Trainee: 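Questions regarding the structure given below will be posed in turn.
From a predicted model like this one, the values you see are computed outputs, not experimental measurements. All heavy atoms count here, side chains included; hydrogens, waters and symmetry mates do not. Order of listing sets the numbers, starting from 1, for every ligand and every atom in it.
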Amino acid sequence: MNESTMPQIARRMLSAKAEQFTESVIREMTRLALKHNAVNLSQGFPDFAAPAEIKEAARQAISDDINQYAITWGAKPLRDAIVEKFERTQGVRADPEREITICCGSTEAMMSAMMAIINPGDEIVVFEPFYENYGPDAILSGATPRFVKMHPPGDENSFWCYDEKELAAAFGPNTKAIILNTPNNPTGKVFTRAELEFIRDLCVRWNAFCITDEIYEHILYDGAEHISMARIEGMRERTIVINGMSKTYSVTGWRVGWAIAPPEATSAIRKVHDFLTVGAAAPLQQAGAIALHSPQSYYDKLAANYAEKRGRLLKILERAGFTPFKPRGAYYIMTDISRFPDPDALRFPAATKDVAFAKYLVEEIGVASVPGSSFYNDARDGANQVRFTFCKKESTLAAGEARLAKLHA
Ligand SMILES: Cc1ncc(COP(=O)(O)O)c(C=O)c1O
C-alpha cells in the first residue's frame with residue numbers, strides 16, 4: 001500500500017458515526033494539564049482521598065474472593081442498597097429485580113439507556129450548555145438532538161433558566177426523551193419542582209421519557225433541594241434515573257453507576273448493557289453496597305466541604321477578573337471571560353476565544369480549565385465562557401490562586 005493512499009482508505013473504512021464527534025475536550029484538558037505541569041481545575045475528579053471505610057470495603061471484597069463476574073445487571077447487595085437509598089432520600093420505591101441495572105459508571109448507564117429506547121427518526125430534547133457526553137451519546141444511539149438554551153443569570157439573585165415557549169417548541173411527535181441533568185454540570189442549576197412539573201406536562205403530552213442524570217444529587221448549596229423527576233406525579237413510569245458512585249463517594253475511577261427504570265425499559269437496558277460490558281467490577285459493586293448505607297452525616301459533610309471550596313474558588317476567580325456564575329449544586333463554576341482580551345485574536349476568529357483563552361491559561365498561566373464551547377452545539381455560544389471545577393484539595397486551589405493572580409483582566 002502506497003503511503004499517500006493510506007489515510008483515504010482508512011477514512012473510508014471508519015464509522016461515519018465516530019467521524020461526527022471529537023475526543024472529549026474535558027479529558028484532553030487533563031492531559032494538557034499533565035503535559036504543562038498545570039494546576040488541573042478542568043476535569044471533575046477529586047484529587048483528595050476517598051473515604052477510608054469505602055476503600056477498606058473494596059479491599060475486603062477482594063480478600064473475600066468476590067473476583068468473578070457479578071450477575072450482569074448488578075450484584076444483589078448493591079441493587080438492594082440502591083433501592084433502599086432511593087426510597088429513603090426520594091420516597092420512590094423501585095424493584096431490585098426488575099428496575100435496576102448496574103453499569104460501568106453512569107456514563108455507560110446513559111449510553112445503554114439511550115441505545116435501549118432510540119429508534120431511527122427519534123428526537124431527544126437536550127438543554128444547553130450540556131454535559132459533553134450527551135452529544136456523542138445522541139450520535140451513537142442514532143437520536144437527533146433538539147437543543148434548548150439555558151440563559152445565564154442577569155444578576156446575583158437570578159439563576160440559569162430556560163424559556164418555557166422554547167422548551168415547548170422543542171417537543172413534538174418524534175420526541176422520544178428529554179435529557180435532564182440536575183444538579184447540573186456545567187451551570188450548577190438545580191431544577192425546581194415547578195420546572196420539573198412543566199417538563200412533566202410536556203413529557204406526558206408527547207408521550208416521552210425523561211432520562212435524568214442525578215449524579216450530583218448530594219452536592220447542593222444555599223438550601224437547594226434535589227428532587228428526582230421520578231418523584232414527580234405521573235413521571236415514575238416514564239423516568240430513567242441515571243446515577244453512580246463517582247461523585248458522591250469520590251471514586252470516579254471505580255466506574256460503578258446505575259439506571260433505575262420501569263421494568264420494560266430496564267429489560268431493554270439490561271440487554272444492551274450485557275453485550276456492551278457484561279458488568280461493572282464485582283468487588284467494587286460489593287464496596288458500593290456498603291458506601292450507599294453511609295449515614296446522613298456523611299452526605300451533609302460532603303456538601304459542607306464543597307460549599308467551602310465553592311466559596312474559595314468564587315473569590316479566586318473574581319479576584320483574577322472572571323465573572324463567575326454562582327452554582328447551587330454540583331462542583332463547577334461557569335465563568336464569563338468577556339472582560340479578558342482575546343489572547344490569540346490574530347490567529348483565531350472571535351468565535352473560538354474560549355479555546356484560545358483556555359490554551360493560554362494552561363500553557364502560560366499554568367491552570368487547566370474547560371473551554372465553554374465544549375458544552376454547546378454551536379461553538380459560538382460558548383466563546384465567552386470557561387468552566388472551572390473546585391473538587392480539589394486546598395493546596396491545589398491555593399496553587400491555582402497563585403497562578404491565576406498573574407492574569408490581568
Ligand atoms: C453530569 C455528569 N454525568 C455523568 C458523569 C460521569 O459519571 P461516571 O463517572 O459515573 O461515568 C459526569 C462526570 O463528570 C457528569 O458531570
Trainee: Please work out whether any backbone atom (N, CA, C, O) or any side-chain heavy atom from C-beta onward of W254 is under 4.0 Å from ligand 1, and answer side chain, backbone, both or neither.
Mentor: neither

Trainee: Which of the numbered atoms in ligand 1 are below 4.0 angstrom from a heavy atom of Y332?
Mentor: 14 (O), 16 (O)

Trainee: In terms of residue, atom name and distance, what is the protein heavy atom nearest to atom 6 (C) of ligand 1?
Mentor: T107 OG1, 3.5 Å

Trainee: What part of M245, side chain, backbone, both or neither, has a heavy atom within less than 4.0 angstrom of ligand 1?
Mentor: neither

Trainee: Validate the cation-pi geometry between K301 and Y299: distance from NZ or CZ to the six-membered ring centre under 6.0 Å, angle to the ring axis within 45°.
Mentor: no

Trainee: Verify the distance criterion only: is there a donor paired with an acceptor across the side chains of E108 and T277 at less than 3.5 Å?
Mentor: yes

Trainee: For the residue pair Y216 and N181, confirm or rule out a side-chain donor-acceptor distance under 3.5 Å.
Mentor: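 Checked: Y216/N181 side chains show no N/O donor-acceptor pair below 3.5 Å.
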
Trainee: Answer with side chain, backbone, both or neither: which part of S106 has a heavy atom less than 4.0 angstrom from an atom of ligand 1?
Mentor: both

Trainee: At a 4.0 Å threshold, what atoms of ligand 1 neighbour a non-hydrogen atom of N181?
Mentor: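 Reading through ligand 1 atom by atom, the close ones are 1 (C).
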
Trainee: May I ask you to list the atoms of ligand 1 that are less than 4.0 angstrom from any heavy atom of G105?
Mentor: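 Answer for ligand 1: 10 (O), 11 (O).
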
Trainee: Establish, from distance only, whether the side-chain atoms of R238 and N207 form a donor-acceptor pair under 3.5 Å.
Mentor: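 Checked: R238/N207 side chains pair up, N/O donor to acceptor below 3.5 Å.
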
Trainee: Show your working on side chain to side chain contact (heavy atoms under 4.5 Å, CB included) between R339 and T323 and close with a plain yes or no.
Mentor: CA-CA 8 Å; R339 283 160 66 191; T323 306; 3.8 Å; yes

Trainee: For atom 5 (C) of ligand 1, what's the nearest protein heavy-atom neighbour? Residue, atom name and distance, please.
Mentor: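 Protein heavy atom at minimum distance: Y131 OH, 3.5 Å.
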
Trainee: Distance check, rounded to the nearest 0.5 Å: I102 atom CD1 versus R79 atom CZ?
Mentor: 6.5 Å

Trainee: Does Y216 reach ligand 1, in the sense of a heavy atom lying below 4.0 Å from it?
Mentor: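 Judged by the 4.0 Å heavy-atom criterion, Y216 does count as contacting ligand 1.
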
Trainee: Begin with the C-alpha distance, continue with both residues' side-chain angles, and end with the deciding distance and a verdict on salt bridge (charged side-chain N to carboxylate O under 4.0 Å, His left out) for E217 and K247.
Mentor: CA-CA 9 Å; E217 64 175 328; K247 314 291 177 172; over 6 Å; no

Trainee: Tell me the contacting part of K247 for ligand 1: side chain, backbone, both, or neither, using a 4.0 Å heavy-atom threshold, strictly below.
Mentor: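 For K247, only side-chain atoms sit under 4.0 Å from ligand 1.
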
Trainee: Please tell me whether Y376 and Q385 have a donor and an acceptor in their side chains that are separated by less than 3.5 angstrom.
Mentor: yes

Trainee: Which of the atoms of ligand 1 are close to R255, meaning less than 4.0 Å from one of its heavy atoms?
Mentor: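 Taking each heavy atom of R255 in turn, ligand 1 has 8 (P), 9 (O), 11 (O) under 4.0 Å.
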
Trainee: Under 4.0 Å, heavy atoms only, figure out whether ligand 1 is touched by the backbone of D213, its side chain, both or neither.
Mentor: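 Side chain only.
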
Trainee: Do E214 and S228 get their side chains close enough for a donor-acceptor pair, meaning under 3.5 Å?
Mentor: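 Looking only at side-chain atoms, S228 and E214 do form a donor-acceptor pair, the distance falling under 3.5 Å.
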
Trainee: Going by distance only, is there an N or O of Y134 that falls short of 3.5 Å from an N or O of ligand 1?
Mentor: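 N/O-N/O distance under 3.5 Å: no.
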
